[in-house]
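Notes follow the structure.
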2 protein chains.
Amino acid sequence: MLMIDFQTDPDQYRHWRVEYQDAVAWLTMDVDEDGGLFDGYKLKLNSYDLGVDIELADIVQRMRFEHPEVAVVVMQSGKDRVFCAGANIRMLGGASHSHKVNFCKFTNETRNTYEAAEADSQQKYIAAIKGSCAGGGYELALACNYLILTNDSSSAVALPEVPLLAVLPGTGGLTRVTDKRNVRRDRADIFCSLEEGVRGDRAKQWKLVDEVVPNAKFDQVVAARAAGFAGEIDKPAGLSGIALQPLQREFQSDGSINYSSLEVAVNREEGTATVTLHGPAEDCPESLDALIALGDQMYFLRLARELDDAILHLRANEADVGLLIFKTSGDLTRLLAHEAQLFANDGHWLVNEVLMYWKRLLKRIDVTSRSMVAIVEHGSCFGGLLAELLFAVDRSYMMDGEFDDDDRTEATITLTPANFGITPMGNGLTRLQTRFIGDDQAVEAAGQAVHEKLNAESADALGLITFALDDIDWEDEIRMFVEERASFSPDAMTGMEANLRFAGPETMETRIFGRLTAWQNWIFNRPNAVGENGALLRYGTGKRGEFSKERV
Amino acid sequence: MLMIDFQTDPDQYRHWRVEYQDAVAWLTMDVDEDGGLFDGYKLKLNSYDLGVDIELADIVQRMRFEHPEVAVVVMQSGKDRVFCAGANIRMLGGASHSHKVNFCKFTNETRNTYEAAEADSQQKYIAAIKGSCAGGGYELALACNYLILTNDSSSAVALPEVPLLAVLPGTGGLTRVTDKRNVRRDRADIFCSLEEGVRGDRAKQWKLVDEVVPNAKFDQVVAARAAGFAGEIDKPAGLSGIALQPLQREFQSDGSINYSSLEVAVNREEGTATVTLHGPAEDCPESLDALIALGDQMYFLRLARELDDAILHLRANEADVGLLIFKTSGDLTRLLAHEAQLFANDGHWLVNEVLMYWKRLLKRIDVTSRSMVAIVEHGSCFGGLLAELLFAVDRSYMMDGEFDDDDRTEATITLTPANFGITPMGNGLTRLQTRFIGDDQAVEAAGQAVHEKLNAESADALGLITFALDDIDWEDEIRMFVEERASFSPDAMTGMEANLRFAGPETMETRIFGRLTAWQNWIFNRPNAVGENGALLRYGTGKRGEFSKERV
């Protein structure tokens, strides 16, 4: 099977273009019909597949790092009479269950990413909607924080998934309609039942868009709003970005990958991938200027980009790898010095972007549908941001005491301010708060231990690890865990982990990945949608789906 | 197919017995192996099917109304060496998808019902666990608010669904472990992977139970705790309950049912059931004493019991009825007088029970997986508690102005204090708050209109109804809606409604019905669980499930 590559750059884009005008970026969706990621479908009417979304995710990322001067991004269509028709249905109809699920997860992450850009990066995305804006097209717009709809007979917003395809508007649509747009639920019910959607003043009255504008004035109003919002956003003058260069990575024939700061060792037979993050090879730069001068080679940025790519790669291309094993190796003191420099300079736009990127990256790990374990060996450097991995995984094992023939530095963990607020989970809590849900004292005790080098015994006493094991038990325990995990149903693991990882409050984000996604995945298994006579497969044939009438 | 009847009474119990000792009720589970609801399985080891749970739900309900003197209920097993083995696996393996889903929903509702009894009815359920307490058995205990486990070699709590059956602990198990018991997530991960579960001090240390007691002292400690909790609960002395007599109901051959205060007209061809609630036939009793003397014939109690039974019946026995149409008929002023009497006397234990029952009943309606519509006709009485139906359904239609040949009283709606707090949804908000999520002014405007008779125009202006329609449009619009709804995939409706109905915050309750249930339903469609070689079907054959290793 074709390997899906999540790396791209502007020279390779086939579906999007961006024009930069000072603080405003004009982001135009103009999908190349023949540029689908797979064969068998044409990306008509600005419909999209994963390839289109990979470009969008790349744009959103580069906007932050390469174009910090941008305060407003206007998302618009390059086609006549259509904003975006949503996910390509023939692609969806032909895709495996796992591809559908992975596709939806990535598109959801991308929507969350530009939705949060206003708060995190002072970049507000607005949607300028001309023409039909349907299904995933409207979901693309819904994740923007201001929606302008032109008022003509053919322009409308719609979520026609239910009537047309017997599936849900699953890329956040149902959740954002009620919880972000605050559409009254009976109106939402009507809206989601209408193939043709809602247009004109009613779209505004129902809160589906923020503004409806006469067609003749549309461009003028959009430009005015873009300039207006840009004026409201208080960005330092003269920001200039850094270039995100292609990643250094090398694929092995067995699926393993070497990056500059991490390695992924894939063992398909065992169903595992061991991801080893290396601490920084160099000392922390001497000054902020020296740090900034490193650009995308700055340690924490480089590591984040590589780890992000590795996670996405494993999700999409190694379906039989059910267990991700996280390790670190390196000088903990040096690592913490690099991190401390970031925190000492977090008012700098680039430093802020790096930290916000870690927030997104850790959230991506949280919702990764694979079992995850951290192995804290001697010589490791689980500190601060890297220690967040310990609290993102399902369980952890830590070396306790001396091991035969192992003269590496004793395994220790160090907490830093990074573990107490800067990278919250989707539920709005820190990973430690989620871990110790209902036990504020445990969070406080951990807070008291900031900057300490905690060996296995101390870490265990604070509840930061699952197992502290000595040389006698170490290998057997880990081997048994790996074997046990491989013996379980991957589906049961997915369901179990999706529930256990997110204690505490819920947010729009957790609901999209939890409730909405779970129902959509359920429907993606039901004959009414995906059966031979189901609506998804019959779409475009002129025949409607045939449904069992049984309610469950 | 056998009709499932949700009505029972103590004379018919086969699986449970209750002994009353002043303020303590001893609730003993002692399942009759041969008393399964269907053929093909034996209810060994205190395993349960829907029939066992129907008895439990009846007990919990009667405890509130017939035994208000009870402050503590001790749930225990009548078997040696087993508390409860959970849902019967052969029953689950042989059940249709829709039966599995309906079964889980009802068991979840029953768990929620006795979990809430402490706050709502001053009845605290505690679990006295001796022997194996596994899967649904532990979930039964988890919904109790104090868990005592004996300390012997064979007594343990366990959630072995994942390793044994490749399904989830879906009756609240995963949610309560993290969100109620606050078990650390890595420990929860281990716990849910262990077939044998956790026993002794570790069960206490991991917060899986509240207390672990040496076997020799177990009975003594349980009795002491029961007495202790009972002493802490401040109940008036000398309460004596009312009898819940069998419902008056009459089934028609076409599936329709007549109750004393409502009718259910089933139209299987159309896929609808019209539920018409009648206002009270008599004037409000003259005094609280007169009201109490009516016992279970008190209007709002009788109506609640009948409506509850009707909803459960339709869910379980009319799978092809995709749309519930709610109507009312009667004298609105008289209805409101009955309700006002309740609110004027809500300190009385029985009045409180009636109101808390409406809370539960309305929640049951909220999570009913059928499309729901309210039709507000002339002559109707949608006021107060009955008006809550307008905000529970997916949309509503209201008659506006004069209709030909219709001399009934003009359709009006009246809000009362009942719409502003006493019957919150599972998300903790009122139905009006959920309807107007993000728009506090609309809730306030509705509050200003309390006690007014709002005609269609006024109700529409306040956003209380979806459509106000005159004589010309009325029939066509409703007919088109019914036809449209019947044309949609029932699965898509289930997913859509489960998302649109619950805007705003989430609670353990919404998470159980949302996230946890949705993932479980997904798994209930996956070959790894329900396929020929799946774990659920292979259970008990000595062969383990065969799993596709693909992660989705």
Side-chain angles (χ1 to χ4, degrees), chain A residues 97-98 101 162-163 166-168 174-175 178-179 182 184-186 188-190 192-193 271 319-320 322 369-370 394-395 435 437-439 463 466 484 488-492 494-496 498-501 503 506 514-516 518-523 525-526 528-529 535 545 547 549-552, chain B residues 97-98 101 162-163 166-168 174-175 178-179 182 184-186 188-190 192-193 271 319-320 322 369-370 394-395 435 437-439 463 466 484 488-492 494-496 498-501 503 506 514-516 518-523 525-526 528-529 535 545 547 549-552:
Chain A
H97 184 63
S98 67
V101 171
V162 164
V167 302
L168 303 182
L174 292 179
T175 312
T178 53
D179 285 276
N182 292 333
R184 222 174 65 195
R185 52 173 280 204
D186 53 348
D189 181 272
I190 296 170
C192 298
S193 307
D320 287 358
S369 167
R370 308 293 167 98
D394 300 302
R395 53 172 91 172
R435 180 177 185 83
I437 190 85
D439 184 359
T466 315
E484 180 187 83
F488 292 157
S489 158
D491 302 327
T494 292
M496 181 178 95
N499 280 279
L500 294 183
R501 287 179 188 167
E506 299 234 6
R515 189 175 63 184
L516 178 57
W519 282 116
Q520 179 78 308
N521 291 355
W522 174 69
I523 288 169
N525 271 288
R526 301 286 294 163
N528 284 346
F547 303 137
K549 288 296 170 197
E550 187 186 50
R551 273 274 189 159
V552 299
Chain B
H97 184 63
S98 67
V101 171
V162 163
V167 302
L168 303 182
L174 292 180
T175 312
T178 53
D179 284 276
N182 292 333
R184 223 175 66 195
R185 53 173 281 203
D186 53 349
D189 181 272
I190 296 169
C192 298
S193 308
D320 287 358
S369 166
R370 308 293 166 99
D394 300 302
R395 53 171 91 171
R435 180 177 184 84
I437 190 85
D439 184 0
T466 315
E484 181 187 83
F488 292 158
S489 159
D491 303 326
T494 291
M496 181 178 95
N499 280 280
L500 293 183
R501 287 179 188 167
E506 300 235 5
R515 189 175 63 182
L516 178 57
W519 282 117
Q520 179 79 308
N521 292 354
W522 174 68
I523 287 169
N525 271 289
R526 302 286 294 164
N528 284 346
F547 303 137
K549 288 297 170 198
E550 186 186 51
R551 273 274 189 159
V552 298

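All figures in this text were calculated on a predicted structure; none of them were measured in a lab. All chains are named by letter (A, B, ...) in the order of the sequence lines, taking the proteins before the strands, and each is independently numbered beginning at 1.
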field: Choice from P163(B), G271(B), S489(B) maximising heavy atom contacts with chain A below 4.5 Å
entry: S489(B)

Interchain contact, L168(A) with chain B, by part (heavy-atom threshold 4.5 Å): side chain

task: Take I437(B) and R185(A), measure what side chain to side chain contact (heavy atoms under 4.5 Å, CB included) needs, and give me the verdict at the end.
output: CA-CA 9 Å; I437(B) 190 85; R185(A) 52 173 280 204; over 6 Å; no

- line: The interface call for Q520(B) against chain A, heavy-atom contacts under 4.5 Å, is neither

message: Let me confirm one number: the CZ-CZ distance from F488(A) to F547(B), rounded to the nearest 0.5 Å.
response: 9.0 Å

Under 3.5 Å donor-acceptor, S369(A) side chain and V552(B) backbone: yes

- request: List for me each residue that meets salt bridge (charged side-chain N to carboxylate O under 4.0 Å, His left out) alongside D320(B), sequence neighbours excluded, and say none if there are none.
  value: none

Pick from D394(B), D189(B), T178(B) with the largest number of heavy-atom pairs that fall under 4.5 Å of chain A: D189(B)

statement: Nearest heavy-atom contact between W522(B) and A518(A) is CB-O, 4.4 Å

- line: Output for pair (E506(A) CD, D179(B) CG), nearest 0.5 Å, gives 8.0 Å

- line: What one should report as the nearest heavy-atom pair of P490(A) and N528(B) is CD-ND2, 3.5 Å

R515(B) to N499(A) - nearest heavy-atom pair and separation: NE-OD1, 3.4 Å

Full working for side chain to side chain donor-acceptor pair (under 3.5 Å) between S98(B) and R551(A): CA-CA 7 Å; S98(B) 67; R551(A) 273 274 189 159; over 6 Å; no

query: Under a 4.5 Å heavy-atom cutoff, which of R501(B), R184(B), E484(B) has the most pairs with chain A?
result: R184(B)

- line: Given G545(B), A529(B), G438(B), A319(B), the one with more heavy-atom pairs under 4.5 angstrom with chain A than any other is A319(B)

message: I'd like to verify something: which residue of N182(A), V162(A), T494(A), N521(A) has the highest number of heavy-atom pairs under 4.5 Å with chain B?
response: N182(A)

statement: Counting heavy-atom pairs under 4.5 angstrom with chain B, the leader among V167(A), L516(A), T175(A) is L516(A)

query: Side chains of M496(A) and S193(B): does their closest heavy-atom pair fall under 4.5 Å?
result: yes

field: Taking every non-hydrogen atom, the tightest pair across L500(A) and C192(B)
entry: CD1-SG, 4.3 Å

- prompt: Can you say whether A535(B) sits under 4.5 Å from chain A via the side chain, the backbone, both, or neither, judging by heavy atoms?
  reply: neither

- prompt: Quick one: what part of D439(A) sits under 4.5 Å from any heavy atom of chain B, side chain, backbone, both or neither?
  reply: side chain

- prompt: Considering residues at least two apart in sequence or located in another chain, which fulfil the side-chain hydrogen bond (donor to acceptor under 3.5 Å, both in side chains) criterion with R526(A)?
  reply: D491(B), N525(B)

Residue I523(A) versus chain B: region with a heavy atom under 4.5 Å: side chain

